Amino acid sequence: VIGFLPSHRNKEIATMKFDTLAIRREGAVLFVEMLAPPLNLLGPELVRDLISLIQQAEGDKAVRVLVFKSADPDYFISHVDVARRKENGQALASGGTTSFALLFHRLSQSRLITIAQIEGRVRAGGSEFVLSLDMRFAAKEKAIFSQFESAFNAIPGAGAAQHLTRLMGRGRALEVLLSADDYDADLAERYGWINRALPAEMIGDFVKALAHRIATLPAAGLATIKNRVNAIALASAEVMQRDADLFFEGLRQPEGVSRMDAAFKHGFQTRDAEMDFPQLLRTLS
Amino acid sequence: VIGFLPSHRNKEIATMKFDTLAIRREGAVLFVEMLAPPLNLLGPELVRDLISLIQQAEGDKAVRVLVFKSADPDYFISHVDVARRKENGQALASGGTTSFALLFHRLSQSRLITIAQIEGRVRAGGSEFVLSLDMRFAAKEKAIFSQFESAFNAIPGAGAAQHLTRLMGRGRALEVLLSADDYDADLAERYGWINRALPAEMIGDFVKALAHRIATLPAAGLATIKNRVNAIALASAEVMQRDADLFFEGLRQPEGVSRMDAAFKHGFQTRDAEMDFPQLLRTLS
Amino acid sequence: VIGFLPSHRNKEIATMKFDTLAIRREGAVLFVEMLAPPLNLLGPELVRDLISLIQQAEGDKAVRVLVFKSADPDYFISHVDVARRKENGQALASGGTTSFALLFHRLSQSRLITIAQIEGRVRAGGSEFVLSLDMRFAAKEKAIFSQFESAFNAIPGAGAAQHLTRLMGRGRALEVLLSADDYDADLAERYGWINRALPAEMIGDFVKALAHRIATLPAAGLATIKNRVNAIALASAEVMQRDADLFFEGLRQPEGVSRMDAAFKHGFQTRDAEMDFPQLLRTLS
């Protein structure tokens, strides 16, 4: 798990500089806006910045709530950057962890209350990032959800099978995990993937009000609530890591490798091709 | 747990007199209407009456289904009367139990089939009462739900964290438990807090028909079904009591005490101020 | 559990003849259409055919997805044929299993991806069959769901209590299991009984596209996903068998026997009377 070193503890978070994050602080709420061109892939720069931000925020008692959103109008987090797996491993290691599964599990256990404001695509490891947060709100007209790992012979590697099965039950979780398809915000709400789908013009104000509301409440009580809910609904670190191991096993099989190669030839990890991921996958079959 | 003494076993329940309950019996269905002015707080009189009623009903084989509703058009059960904690403890003790958590847990295991017909506000311990029942139906235009314990540095003390996490999943349960906000019947249905939201003009007939339908079915099969469902979805008495202990720990902290004091100064436990509880809470911040 | 003998392994499944099933194969997808007049009861012929089909399909690596639908416009599977319990037991035994509970549990663990396309009534053991499959889609205008076992003093015997409690939570599962009532497709969707309710004119194309989509994806990854989801959400074989035992215990009690006799006198297991099952049950009370 993450070491959460107390470095920079005295530095004002809102004035810290990140490569991929813009930070705005209002009272005890930190608004975190992600921008990692060209399509907000979860690569080493974003990983380093997110870990650093969480470490700083956890060390600052004046911060209670984190709101994550994206500065890219089409992509919240597209997914983990598969072309930079080694660098991602180094970034995770430098943050004191060994996998996205364990990083996200650690985040689910943070004393910080975390909220996702999703206004673009969030697929695979991106979806698993928001599933590790405490609450998820999405813009009806713009948010798109997918777990496409099955297209590459793999189970999701950072908790989606654990979270989605508990959130939406066996039948819907199997549909989502097996189909590798895109789901819009309304269906994501009906399935329990997110808390609510809201009109795009309202989501900002809604999340802001909720974040400030929670930020005014006593911190000890919030932490107790989160601990008790996690005791019921959060898979163990061992189970999360087992999914991560199975993810890599699946991806390494010949069918995983060949389909991944083919996907890169058809535009995988490019902004245009990933706008319609189901179409990209159809070209592989 | 409750002793369920066989006292008064020969007395006709429908003719029993209660301070806070009006009882009407139709065949094997008992309709229980609560009225504890000024705002249906769960205080010692209501506690004693509810325990007595359940004991009598459990001892009478001719009773199979209990329907709970409120004679107050605005409040179903507002919440536990915090100003009368000691008296509540005595009322619970005289009924053979030591906490609302264990009383409600016992009720969830009753052979009686229990239905809530919710047409007003039901917050905190009031919500936990209906969560301990077998089914919950609410009037779209009038029912309001809240777990506001986080506003007083506490986790819900009588099962809400256990029930809501299982009913609505981690993300929505955290939102409800952390926000301390009001939720209307439609959203409560979408989140799984209740079975269904129904138009106010239909809810009475709907619940009555359902209650009578179930009351005609063989009792042994109903009891087996309830036992098997509880084995999957009902937290243990130990876990329920642990939440109760954490609730009191949180409330006793300085931040819990000072916010409770402030709430009383702003109208907590008065009929008018609690009509808009979120507004009352805003005045504390 | 089922032996899954390799008999007929070399035979082309699509050319096999069944008494109650019509098979159509498109690539790796097998469309299975059930017809067991007069009302698609789950009797020994259908049991034998289903077991044989699953055995063949599991033994044929070229088959990945099974879609189940009904050739009867009013009944998907009405329920288990109670009048032919002994013959059903023999059919299950010849397939290497001892109860519907264990047969369905085995089906939930199959490497095959299974989808129900429900356009008629599916009650009791019929509902439990579709609950054992991986996904369930239903026609809004035509599908009807029920677990009516409580009307005969019994808990569902083949997994419904296990599945529904996990899919819809304690309150809604108790309502469904205790009420013995009919639920339409829209309500079944809101409760989580099915993945989605779709317009009847669209359901065929939707399921076909989903089945083919999944059939193109690497088989090993699909199997891993299914295993991991089952590890969270599928009850054990022991628990499933315990429900089966309780089912028979309830049915054998005098109240179970007398109500079953009365039901037969009022048209139980006839096509016309079962069109409106709640009405049939009302005549028993």
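Here the structure is a predicted model, which is why all the values come from computation and not from measurement. Order of the sequence lines sets the chain letters (A, B, ...), proteins ahead of strands, with each chain counted from 1.
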Looking at [options], which makes the most heavy-atom pairs under 4.5 Å with chain B?
{"options": "L133(A), N230(A), L210(A), I232(A)", "answer": "I232(A)"}
{"options": "L167(A), T216(A), V229(A)", "answer": "V229(A)"}
{"options": "I115(A), I225(A), T224(A)", "answer": "I225(A)"}
{"options": "L234(A), L131(A), N227(A), L222(A)", "answer": "L222(A)"}
{"options": "G221(A), A223(A), A231(A), A233(A)", "answer": "G221(A)"}

(message) When you measure from the centre of the six-membered ring of F137(B), is the NZ or CZ of R196(B) closer than 6.0 Å and no more than 45° off the axis?
(response)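 No, a cation-pi geometry is absent between R196(B) and F137(B).
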
(request) Report yes or no: is the cationic atom of R123(A) (NZ for Lys, CZ for Arg) closer than 6.0 Å to the six-membered ring centre of F148(A), at no more than 45° off its axis? (result)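 Because its charged atom misses either the 6.0 Å distance or the 45° angle limit, R123(A) does not stack over F148(A).
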
(request) Spell out the residues in residues 76-87 of chain B that have some non-hydrogen atom less than 4.5 Å away from a non-hydrogen atom of chain A, in order of number; otherwise answer 'none'. (result)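 Answer by number: none.
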
So which residue, [options], ends up with the most heavy-atom pairs under 4.5 Å with chain A?
{"options": "E149(B), R242(B), E249(B)", "result": "R242(B)"}
{"options": "G250(B), S179(B), A151(B)", "result": "S179(B)"}
{"options": "D181(B), L281(B), L187(B), L251(B)", "result": "D181(B)"}
{"options": "L178(B), L177(B), L164(B), I155(B)", "result": "L178(B)"}

(request) Could you tell me how the ring of F268(B) sits relative to the ring of F277(B): parallel (under 30°), tilted (30 to 60°) or perpendicular (over 60°)? (result)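 F268(B) vs F277(B) ring planes: perpendicular.
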
(request) Could you tell me how the ring of F104(B) sits relative to the ring of F100(B): parallel (under 30°), tilted (30 to 60°) or perpendicular (over 60°)? (result)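 Rings of F104(B) and F100(B): tilted, as their planes differ by 30° to 60°.
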
4.5 Å side-chain heavy-atom contact, [X] and [Y]:
{"X": "I113(B)", "Y": "M135(B)", "value": "yes"}
{"X": "Q162(A)", "Y": "V239(A)", "value": "yes"}
{"X": "V176(B)", "Y": "M168(B)", "value": "yes"}

(request) Let me see the working for E33(A) and S70(A) under side chain to side chain donor-acceptor pair (under 3.5 Å), right down to the final yes or no. (result) CA-CA 5 Å; E33(A) 207 166 49; S70(A) 171; over 6 Å; no

(message) With a 4.5 angstrom heavy-atom cut-off, is it the side chain or the backbone of A180(B) that approaches chain A, or both, or neither?
(response)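 Both parts, backbone and side chain.
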
(message) Less than 4.5 Å to any heavy atom of chain A: does that hold for the side chain of Y191(B), its backbone, both, or neither?
(response)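 Only the side chain of Y191(B) comes within 4.5 Å of chain A.
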
(request) Identify which part of S132(A) has an atom lying under 4.5 Å from any heavy atom of chain B, answering side chain, backbone, both or neither. (result)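 For S132(A), backbone heavy atoms alone lie under 4.5 Å from chain B.
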
(message) Assess, by modelled atom type and distance only, whether the side chains of Y183(B) and Q147(B) contain a donor and an acceptor separated by less than 3.5 Å.
(response)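 Checked: Y183(B)/Q147(B) side chains show no N/O donor-acceptor pair below 3.5 Å.
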
(message) Main chain of A235(A), side chain of H105(A): is a donor-acceptor contact present, judged purely on distance under 3.5 Å?
(response)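 Pair found, side chain donor or acceptor close to backbone of A235(A).
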
(request) Answer yes or no: is there a donor N or O on one side and an acceptor on the other, between the side chain of T165(A) and the main chain of R170(A), under 3.5 Å? (result)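 Flag not set: sc T165(A) to bb R170(A) has no pair under 3.5 Å.
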
(request) Walk me through it: do L39(B) and T270(B) pass the test side chain to side chain contact (heavy atoms under 4.5 Å, CB included)? (result) CA-CA 7 Å; L39(B) 73 161; T270(B) 65; over 6 Å; no

